[in-house]
Amino acid sequence: MNYDFREIEAKWQKYWAENETFKASNHSDKPKFYALSMFPYPSGAGLHVGHPLGYIATDIYSRYKRHKGFNVLHPMGYDSFGLPAEQYAIQTGQHPAITTENNINRYREQLDRLGFSFDWSREVRTSNPAYYKWTQWIFIQLFNSWYNKTSDKAEAIETLVSQFEKEGNAKVQAACDEDTPIFSAEDWNGFSTKTKQELLLKYRLTYLADTEVNWCPALGTVLANDEIVNGVSERGGHPVIRKKMTQWSMRITAYAQRLLDGLDNIDWPQPLKDSQTNWIGRSEGASVTFNVLDAERSRRDGDVISTSLNHPYQIEVFTTRPDTIFGVSFMTLAPEHDLVAKITTPEQKAAVGAYVEATAKRSERDRMADVKTVSGVFTGAYAEHPFTKEPIPIWIGDYVLASYGTGAVMAVPCGDQRDYDFAKHYNIDIPNIFEGVDISEEAFADKATTIIANSDFLNGLSYKEATKKAIAELEKIGQGKGKVNYRLRDAVFSRQRYWGEPFPVYYVDGMPQMIDVEHLPLELPEVEKYLPTETGEPPLGNATHWAWDRLKAAVVSNDLIDHVNVFPLELNTMPGWAGSSQYFNRYMDPRNNEAIFSKEAIDYWQDVDLYIGGSEHATGHLLYSRFWQHFMFDRGYVPKAEYAQKLINQGMITGTSAFVYRVDLKFHWETTSNVEFKQPSLSRAIYISKNYYKKFEDLRNFILNSELSAHDKNEFMMGIGFTKGLASVNNDTVFFDILDDEKKQTLSDFTRLFESVRKDIYSQNVGVIVEDLKFTPIHVDVSLVNASDELDIESFKKLNPENLDVTFIREEGKYIVGREVEKMSKSKYNVVNPDAICEEYGADSLRLYEMFLGPLEQSKPWNTAGITGVFSFLKKLWKLYAPYVDGSLSGVEAEPTAENLKTLHKTIKKVEEDIENFSFNTSVSTFMICVNELTTQKCTSRAILEPLAVLVSPYAPHIAEELWERLGHSGSIAEVPFPKFEEKYLVESSKEYPISFNGKMRFKLEFPTDMDSKAIEAAVLAHEKTQEQLQGRAPKKVIVVPGKIVNIVG
RNA sequence: GCGGAUGUGGUGGAACUGGUAGACACGCUAGACUUAGGAUCUAGUGCCGCAAGGUGUGCAGGUUCGAUUCCUGUCAUCCGCACCA
């Protein structure tokens, strides 16, 4: 009986579904194991072979853990809010919920075919109101919390309010807005409710703030940085301006340090940790305050010695090099800096204004990309050096970013290359404050060898000493202190989109109010169209029923808004990462309608033991979800501050695109012709096979790279008479003489092709002169190409009627396509979807093959060429069980031989180690070796075949279940204990020693394993082959490593 | 520029803490069985060489009895961040 994977796989998939084999219980005596794959966004394109890579790995591990006696939670769901569905809705008017539902169904179908051990009863969808109820709930918790720097955790906002009532905010150590004013308890108690709310917003972990965004008026939306190219929108090329908008933000910066520290406690890939570290961007230094000199006064008497009275303005800067404070020769403000308008002198006003305006037009990314140009303008104002009291000119320059630090720098040209370049460009002083360093060519930034000079009290100190001393002195005069700065910004949480979670927020007197948790979820309203409103409001502005009736606790018609009982609701929606930031916890108790999860559930499951997903989420989902988890931990909802102890990034599977090469013309119009100009084209398209393409290209390059003179090569390029390039080469030309016979053959192939094309075009009489041919690679669908890169011409023609009338120039009867590794994408026709593979080879083959491709973390090109290897392995495996499968077992079952047992236990050991190390590719090889050996041994022993089926089952579960059943068992193999490895079957009585000379293996000798080094050495030296190798020389040294190797030096 | 990852046959990739480089698989070659085969089986297959032998893990060094593995430098490819003060 043959291995009928179609029947077997359908049978067991049905069995698992009907018996809920993989349903996890929240109550169990078994140890828990939580294995999680990142949930997908259900795109319209469906699943491709890259998606399952991580899922298969997680699935293998989950199944393995079940065999090992764990209660395994292995859920799957959908990150189903997102832009593509919305984009599609805008284009077609179809509700995103419908397309999303369709896409999910397609995904589910595809996932089911792959035999995953998901507990589908726990499926979540982020766009489902029952789910996003809890996303809204978390938002409310964040709103009702502040970050207490003293206890270093988030606390309920009430504790802050009670502090305000008692002692104001002067002593409060909190993460809050920079511009938070100081107030006393009396002030607070006297404030109006609105003022109190305004002030509290400055402390809440989610808050409303004016944020600069890339606003595209034409599209009526805010664009992400990467949606802007050269200052205009990527789609449509509309102008984009920087605009301030009131938006929800998340105070993630409060957690910067803890997010950084937490990385030390989790087993995540180093590159990913590095990315997060880099993104958080901690830098230590000092904040220094510079007083701005009174412009009027300094001009009037030319006296720049300040008094404590004339400091109307101060500039705060952050520096990582306070040790270089005596090297400051100017300051630079970001053009957007608030002080710019205030301090600029009348003389400089025009120049500064023009510069500021010019900068505003450039996007931040634009400015950052343009590193080379130095530009700036002098404001006319001066600041005062905190120690020397010398005046320091204040410039503005776009190399200073408003969004980093304080938007101002103290420029130390001798120690910073950007400052150096700026100073050189504008002829500003470059004082040298380094001992024995030449700064005539470039700045000196090496901290390690720094010795400070010309710096008063810092002279002779190293970077470290000087930094400490400078900070101490700044503190003494009250003009600075040590400070840690983070690159991380608070995260904008508003999106001007439709297809996202609505905020549970309505506005009373412009102040946001949270809807009571008991009234959640606040469901997304229906709208006529998914575009922004005509007044530029987000799509929710189109909803007619989008007002909150406080008395009825219900959404009502906008007409009823009276600002007494009925109030407008928030029009923004939440961003994509909202729904994914706690989904892993929701899986623990996904149908709970009373709480995000029950205490029992979270106490039992605790955290994710293994999380597998792509590295593209390094600074998005994987950072934000850690932030929310820390918050949930602070507020006592979850027991662990880090939700995933172990994380693995699976590599991307790239596609192998296929190309055909179309013959195109190089031509010019025949000027004398009076024929109407018409783009010439071949009456019958010609595609040439890869090797022709390659040979023609090579020949062209050969001539261009030859020894011929530049003049000749030029002629080759530009043309001789009416032809150029290869078309111009004939036996009268110099090019011809340098060709060998093979190249002449290639040339004659080309010439034949060229002539036939020319004949074709001239017969059309379109008034052109054909000069040369060019060959354009065109993507073809990879499904039309076989393992030998041969194109299935018939199917190619059928697929596209345009191709019916095409001439294929073949090589040896075949049309060979060119191949290139590219990212898998629809437009490149290199997407391979798992359905076709399942159809042809089955899910078990696909699972094995994806693992067999290579290490999980590595990215690799998809190439189906090798799949026959794992497929024939499964057939061999099936055959091994033939006596049980077809009932042909006659008489008694054979006892396992020592050889059988050795093979089995070797396999158990290796497979167990491999799974624990996530080295799934090598265990597939191990299975192959095992089956090959058992086949040679003609093993039919149940004592071998039963454990083997269990070993294979995590990888190829369908065939394992079937074989298990055929062996006479009822029920699933899923929880059968994993075979126990026993060392005793591997013990050998002798070892074949490699005998090497000077490190090179020459021959092998067999010795008993218990033979000692001395005896081995004697036996080896006495051996005739050794004497032969030595050829009379006396060995200088003999190294014997028992059980390993013998090395003779001599 | 900074940070990270990876370089091994024609291809995907093995080689555990330094100890027989190329396991396993694809492909290729030859053969067997077949009307046929993209089915199955057998043998071979890093490179040079008829062979003996030599050579070989991006490149150049170093440590070692012995290096794909450790160290230094360098090149290439890919990814992330990027005027970060």
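So you know, we letter chains A, B, ... as the sequences are listed, proteins then strands, and number each from 1.
Checked against the 6.0 Å centroid threshold, Tyr849(A) and Trp862(A) count as a close aromatic pair.
Among the atoms of the strands shown, only primed sugar atoms or phosphate atoms (P, OP1, OP2) are found under 4.0 Å from some heavy atom of Pro855(A). Counting any heavy atom pair closer than 4.0 Å across all strands shown, Asn921(A) reaches sugar-phosphate atoms only and no base atom. Asn932(A) comes within contact range of the sugar-phosphate backbone alone, with a heavy-atom separation under 4.0 Å but no base atom that close. Across all strands shown, Ile1039(A) has heavy atoms under 4.0 Å from base atoms, whether or not it also approaches the sugar-phosphate. At a threshold of 4.0 angstrom between heavy atoms, the contacts of Glu850(A) with the nucleic acid are absent. At a threshold of 4.0 angstrom between heavy atoms, the contacts of Gln858(A) are confined to the sugar-phosphate backbone, with no base atom among them. Using a 4.0 Å heavy-atom cutoff across all strands shown, Asp274(A) reaches sugar-phosphate atoms only and no base atom. Contact annotation for Lys1004(A): base contact, defined as any heavy-atom pair under 4.0 Å involving a base atom.
When the nucleotides G19(B), A5(B), A85(B) are ranked by their closest atom to the side chain of Pro271(A), A5(B) comes out on top. Ranking C24(B), G13(B), A85(B) by closeness to the Phe852(A) side chain, first place goes to C24(B). Considering only side-chain atoms of Pro994(A), the nucleotide from A85(B), U20(B), C24(B) that sits closest is U20(B). Of the candidate nucleotides A85(B), A21(B), C65(B), C65(B) has the atom lying nearest to any side-chain atom of Val1049(A).
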Using a cut-off of under 3.5 Å, enumerate the N/O to N/O pairs linking the protein to nucleotides 39-46 of chain B.
{"residue": "U40(B)", "atom": "OP1", "partner": "Lys875(A)", "partner atom": "NZ", "Å": "3.3"}

Collect all protein-nucleotide pairs involving nucleotides 54-63 of chain B in which both atoms are nitrogen or oxygen and the distance is under 3.5 Å.
{"residue": "G54(B)", "atom": "OP2", "partner": "Arg1002(A)", "partner atom": "NH1", "Å": "3.2"}

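Classification of the Tyr624(A)-Trp577(A) ring pair by plane angle, with boundaries at 30° and 60°, yields parallel. Tyr3(A) and Trp878(A) have tilted rings, their planes meeting at an angle from 30° to 60° on a 0 to 90° scale. By the 30° and 60° cut-offs, the orientation of the rings of Phe422(A) relative to Tyr426(A) is tilted. The aromatic rings of Phe997(A) and Phe1003(A) sit tilted, their planes meeting at an angle between 30° and 60°. Taking the six-membered ring where the residue is Trp, Phe5(A) and Phe871(A) present perpendicular rings, their angle passing 60° and hence far from 30°.
Here the separation of C65(B) from A15(B), taken at their P atoms, is 28 Å to the nearest Å. Distance noted for atom C1' between G13(B) and C81(B): 31 Å (whole Å). Comparing the P positions of U77(B) and U8(B) gives a spacing of 15 Å, expressed to the nearest Å. Here the separation of U42(B) from A52(B), taken at their P atoms, is 27 Å to the nearest Å. Spacing of C1' atoms, C47(B) relative to G56(B), comes out at 7 Å, to the nearest Å. Here the separation of G58(B) from A5(B), taken at their C1' atoms, is 15 Å to the nearest Å. Nucleotides C59(B) and G53(B), compared at atom P, are 26 Å apart to the nearest Å.
Taking the nucleotide of RNA chain B with the nearest heavy atom to each of Glu913(A) and Glu992(A), the more 5' of the two is matched to Glu913(A).
Within residues 279-287 of chain A, the residues having any heavy atom closer than 4.0 Å to RNA chain B are, in order of number, Ser283(A).
G37(B): glycosidic angle beyond 90° from 0, hence anti.
With hydrogens and angles left out, the side chain of Asn278(A) and the base of C81(B) share no donor-acceptor pair within 3.5 Å.
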### Secondary-structure notation, RNA chain B, from Watson-Crick and G-U pairs under 3.5 angstrom (| other strand)
(((((((..(((......[....)))((((((.......))))))(((....)))..(((((..]....))))))))))))....
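Judged purely by atom type and a 3.5 angstrom limit, Thr320(A) has no side-chain atom pairing as donor or acceptor with the backbone of Glu284(A). Remark: side-chain polar atoms of Tyr420(A) are paired, donor with acceptor, to backbone N or O of Ile439(A) under 3.5 angstrom.
Screening residues 320-330 of chain A for salt bridge (Lys or Arg N to Asp or Glu O under 4.0 Å) gives Arg321(A)-Asp323(A) as the qualifying pairs, with residues at least two apart or on separate chains.
Put simply, CZ on Arg282(A) and CG on Leu488(A) are 13.0 Å apart, with the number rounded to the nearest 0.5 Å.
Looking at residues two or more places apart in sequence or on another chain, you find a salt bridge (Lys or Arg N to Asp or Glu O under 4.0 Å) between Lys906(A) and Glu933(A).
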